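Notes follow once the structure below has been shown.
Within every chain, numbering begins at 1; the chains are lettered A, B, ... in the order of the sequence lines, protein sequences first and strands thereafter. The structure displayed is predicted, hence computed values, not measured ones. Values below: every heavy atom of this structure, side chains too, minus hydrogens, waters and symmetry copies.
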Amino acid sequence: MNFVRKEKIIFVLMVSPALLLLSVFFIWPLFNSFWISFHTWPMFGKPKWVGLDNYIYTLNDPRFWETLKFTTIYTFTATPMLFIVALITALLCNVRTWGTTFFRAMYFLPVVLSFATASYIWLWLYSELYGIIIYVLELFGFGGPDKNLNVWTTPTSGLWAVNTMVTWKFSGIQMIILIAGLQAIRDDYNEASTLMGASRWQTIWHVTLPLLRPSIALCLILCIAGGYQAYEQFLIMTQGGPQGATRTILMHTTDMGFTWFKLGPAASVGIFVMVIIFVLTAIQLRLFKPH
Amino acid sequence: MKLLFKIILAVFTLLPITKISFANDDTLIVWNRGGWGEWVVEGFNKKMEAEGRALRATSTLNPEFVLKFNAAMSSGERIDIVAMGTNDLPNYAAMGALTDITDFVTGFDYFDNLNPIHLKQGTLDGRYYAIPNAADVSGFVYNKKLMPTPPKDWAEMLSMCKDFAAKDQIMIAWPTKNPGGMRFTGLPMAWANGGSYTSDDGKTAQFNHPKNIEWIMHYKDLYDAGCVPENVSVWDWGDKQDGFLAGDIAMIGTGNFLMNVVKDHTEKVDAGFTPFMSKDGSMTSSYVGGDGISIPVTVGNMEGAKEYLQYALSPEVQIEIYSKNGGLPVRSDLVDNNPYLTEDSKMFLVESRRGYAPYLKPYHEISEVIVTAFQRVLAGEDAQEVFDEANVTFQAILDAAN
């Protein structure tokens with residue numbers, strides 16, 4: 001066996017487990033979703049081809065637009081919150097001084113929790129009876145003696161309450177990505193900037209951030225794709241309420257597919273979400289393309 | 001050794017794929033959505049043991065019942081018996097998930113004594129797919145320690161509400177976050193008042209019926225008067241029930257099952273039960289819900305399943321399990337000599353024959369529509385506008401399902 005052929009066999013052997021997993025858990029379900037979206041898919045009996053009917057049904061369904069609108073609002077409010085907190089903590093934790101490692105670990109700690117656990121912890125923190133956040137907010141004059149403060153009574157306060165939890169939960173992983181990016185920037189760029197008389201802020205704005213573009217792109221892509229897939233946090237914390245105003249597109253898809261057993265329309269909603277994420281990712285990749 | 005390892009690996013890999021089941025003809029796989037069903041399984045197994053027979057029922061209790069049952073049925077999993085909410089029966093019958101048991105059911109000696117409202121939920125095009133089993137009938141429970149007598153009509157309810165508010169006490173709570181609870185304990189107030197949910201055939205939405213709107217406006221009046229918890233729109237069933245049992249709320253909508261629960265809370269609660277009433281108090285109504293029992297089409301032991309159904313309707317279950325524990329018999333011939341029925345049970349029994357159960361295929365899909373409408377009205381939006389809007393969505397869902 002010559003060397004090249006041996007290399008090829010090793011390559012195939014190395015790649016095949018990942019390829020197999022990808023095929024079984026991503027490519028096959030994806031094609032299956034496409035297939036289902038063109039059918040009426042009953043619990044029993046043969047599926048019936050309906051062409052684009054499920055897509056038309058979805059586009060005419062006000063619940064699709066309402067949940068899509070809310071998911072978009074959530075994505076574009078949570079993303080800046082998350083990113084700004086991650087950037088600040090990354091810049092702070094990139095300073096080589098005593099205690100940096102400790103703070104990195106502390107900021108990263110919430111990432112290891114599951115979404116469900118984090119949601120329940122914050123539900124407790126927001127409890128109107130014994131939640132410390134509500135207690136502190138009431139100290140600052142929110143609510144009042146005759147009015148219990150409950151963050152879940154309006155869609156806006158519910159959204160910001162979840163956004164805060166998500167920022168706490170995910171800024172750690174974004175911080176690590178940004179620190180990796182920061183550490184890839186050669187020190188001489190910053191030194192040159194300082195020698196040329198730039199302030200610390202000017203150095204960050206004109207030198208650090210442009211060089212951090214690939215890391216920023218990765219963070220934003222993860223945030224936006226994650227935002228459109230929001231599910232557990234709203235299912236646990238708001239249950240879609242009040243007034244159904246905090247239902248995400250994924251909650252709608254799950255209800256449609258598994259509770260109401262409308263698999264065809266649910267698959268079409270899934271395809272729409274996939275296309276939205278694909279387009280937004282492509283736009284971001286273009287915007288953050290290195291010069 | 002290597003060969004043995006390979007064989008073990010192959011067996012464990014292939015087992016789930018080949019759907020080899022260890023269940024046999026001595027087993028009955030029973031899926032229950034709630035606690036009543038667990039007691040029936042226990043009773044059935046004791047009976048089999050006493051008769052020296054090998055047949056045993058195994059119970060699977062599923063809190064997320066609909067999701068799991070859908071997944072199990074669509075994958076063809078064997079289930080011999082399913083006890084589900086009667087509101088789910090029309091949809092599963094229409095989807096072809098349940099066995100047609102018309103000949104079996106109509107052959108019962110006591111067929112004419114089965115509650116017709118309950119029985120109708122398990123039908124499709126005149127065929128029977130389920131038997132009525134555990135009845136859950138709704139009504140008010142009030143705490144005599146806080147409210148010696150219940151209001152007789154809506155005007156008195158509002159007047160009492162103002163008295164409670166003046167004392168900074170909570171009189172009543174309908175948690176609008178809870179779709180099942182709003183349907184079970186809220187809509188009967190509208191029905192008693194002459195309102196309706198859909199046409200009798202379940203094909204035309206009537207959510208914006210003027211009498212329904214009259215009821216929600218009455219609730220809004222109570223809310224504005226200050227005797228309803230301010231954050232009731234984020235309350236669930238458990239919040240109002242816990243509040244009532246703790247002696248903090250004077251009156252809530254509930255079901256006959258609470259007759260058993262209040263026995264453990266006599267320190268704080270002296271419970272009385274009364275039906276939902278119309279505006280002038282002349283009419284009453286209730287939601288006739290509960291569990292229906294069916295044989296799924298994926299049944300593996302048909303004879304055992306039929307035997308289980310007969311047992312579930314027997315006096316052993318209807319009297320010694322249900323009636324004894326605050327339940328109601330679904331057979332009218334088991335009322336007269338039933339030693340466990342109290343005055344309160346009899347009130348619920350009367351309501352179980354007078355009340356209503358909407359026959360809807362897309363039951364769960366409508367949930368979000370109705371709770372959103374209730375919450376929007378409580379938040380101050382125009383009730384007519386909100387209910388008209390909800391009715392359009394309601395109708396679109398019904399059209400798609402029918």
Side-chain angles (χ1 to χ4, degrees), chain A residues 36 40-47 53-54 56-58 60-64 66-67 123 126-129 134 143-155 157-158 161 235 237-247 251-252 254-266, chain B residues 64-76 88 91-92 94-98 168 175-179 226 229-236 239 296-298 361-381 386 389-390 392-393 396-397 400-401:
Chain A
I36 292 172
T40 294
W41 205 274
M43 186 175 268
F44 296 99
K46 284 188 177 171
D53 282 5
N54 289 327
I56 294 165
Y57 173 87
T58 297
N60 287 321
D61 185 357
R63 294 167 298 180
F64 168 72
E66 284 159 17
T67 51
L123 258 188
Y126 284 127
S127 162
E128 65 177 309
L129 295 178
I134 298 301
D146 300 326
K147 190 178 177 184
N148 288 337
L149 190 61
N150 187 313
V151 293
W152 312 117
T153 49
T154 70
S157 56
L235 186 74
M237 297 180 83
T238 71
Q239 293 171 358
Q243 300 154 36
T246 61
R247 289 185 81 226
M251 286 166 83
H252 176 60
T254 314
D255 280 345
M256 178 88 83
F258 302 113
T259 307
W260 312 336
F261 215 80
K262 290 182 169 180
L263 289 179
Chain B
E64 290 289 342
F65 182 85
V66 173
L67 279 176
K68 291 176 186 170
F69 186 67
N70 284 346
M73 292 307 287
S74 51
S75 66
D88 283 323
N91 196 31
Y92 286 116
M95 284 201 282
L98 309 177
D168 204 18
T176 52
K177 182 183 169 186
N178 175 227
E230 195 186 342
N231 298 329
V232 77
S233 61
V234 292
W235 275 33
D236 224 322
D239 297 309
V297 289
T298 55
K361 288 176 195 164
Y363 174 83
H364 293 284
E365 198 174 350
I366 288 162
S367 294
E368 198 60 39
V369 180
I370 68 161
V371 290
T372 300
F374 290 137
Q375 290 178 347
R376 286 174 63 189
V377 174
L378 281 198
E381 289 189 54
V386 168
E389 208 178 290
V392 172
T393 314
I397 294 169

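- Residue B/Val297 touches chain A through its side chain alone, counting heavy-atom pairs closer than 4.5 Å.
- To the nearest 0.5 Å, the span separating OG1 on B/Thr372 from CD on A/Glu66 amounts to 8.0 Å.
- Side chains of B/Met95 and A/Phe261 form a contact here, defined as non-hydrogen atoms less than 4.5 Å apart.
- With a 4.5 Å cut-off on non-hydrogen atoms, B/Ala373 does not touch chain A at all.
- Atom OG1 of A/Thr259 is separated from atom CG of B/Asn70 by 7.0 Å, given to the nearest 0.5 angstrom.
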Passes side chain to side chain contact (heavy atoms under 4.5 Å, CB included), A/Asp255 versus B/His364? Steps please. CA-CA 9 Å; A/Asp255 280 345; B/His364 293 284; over 6 Å; no

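- Counting only heavy atoms from C-beta outward, the side chains of A/Phe44 and B/Met73 approach each other to under 4.5 Å.
- Contact record, B/Leu67 with A/Phe258: CD2-CB, 3.2 Å, taken as the closest heavy-atom pair.
- Contacts between B/Asp236 and chain A at a heavy-atom distance below 4.5 Å involve the side chain alone, from C-beta outward.
- Residues A/Arg63 and B/Ile397 have side chains in contact (heavy-atom distance under 4.5 Å, counting atoms from C-beta outward).
- A 4.5 Å side-chain heavy-atom check between B/Glu365 and A/Lys262 finds at least one atom pair inside the cut-off.
- Between the side chain of A/Asn150 and the backbone N or O of B/Asn231, no donor-acceptor pair lies under 3.5 Å.
- For A/Pro242, the parts lying near chain B are the backbone and the side chain together; criterion is any non-hydrogen pair under 4.5 Å.
- B/Val234 touches chain A through its side chain: at least one heavy atom from C-beta onward sits under 4.5 Å away, while N, CA, C and O do not.
- With values rounded to the nearest 0.5 angstrom, A/Met251 atom CE is found 7.5 Å from B/Glu368 atom CD.
- B/Tyr92 meets the ring pair (Phe, Tyr, Trp, His ring centres under 6.0 Å) test with B/Phe69; sequence neighbours excluded.
- Comparing B/Pro229, B/Ala71, B/Ala97 by how many heavy-atom pairs each has under 4.5 Å with chain A, the most go to B/Ala97.
- Under the salt bridge (charged side-chain N to carboxylate O under 4.0 Å, His left out) criterion, B/Glu381 pairs with B/Arg376, sequence neighbours left out.
- In plain terms, the two heavy atoms of B/Ala379 and A/Gln243 that are nearest each other are CB-NE2, 3.5 Å.
- Taking NZ of B/Lys177 as the start and OG1 of A/Thr153 as the end, the distance is 11.5 Å to the nearest 0.5 Å.
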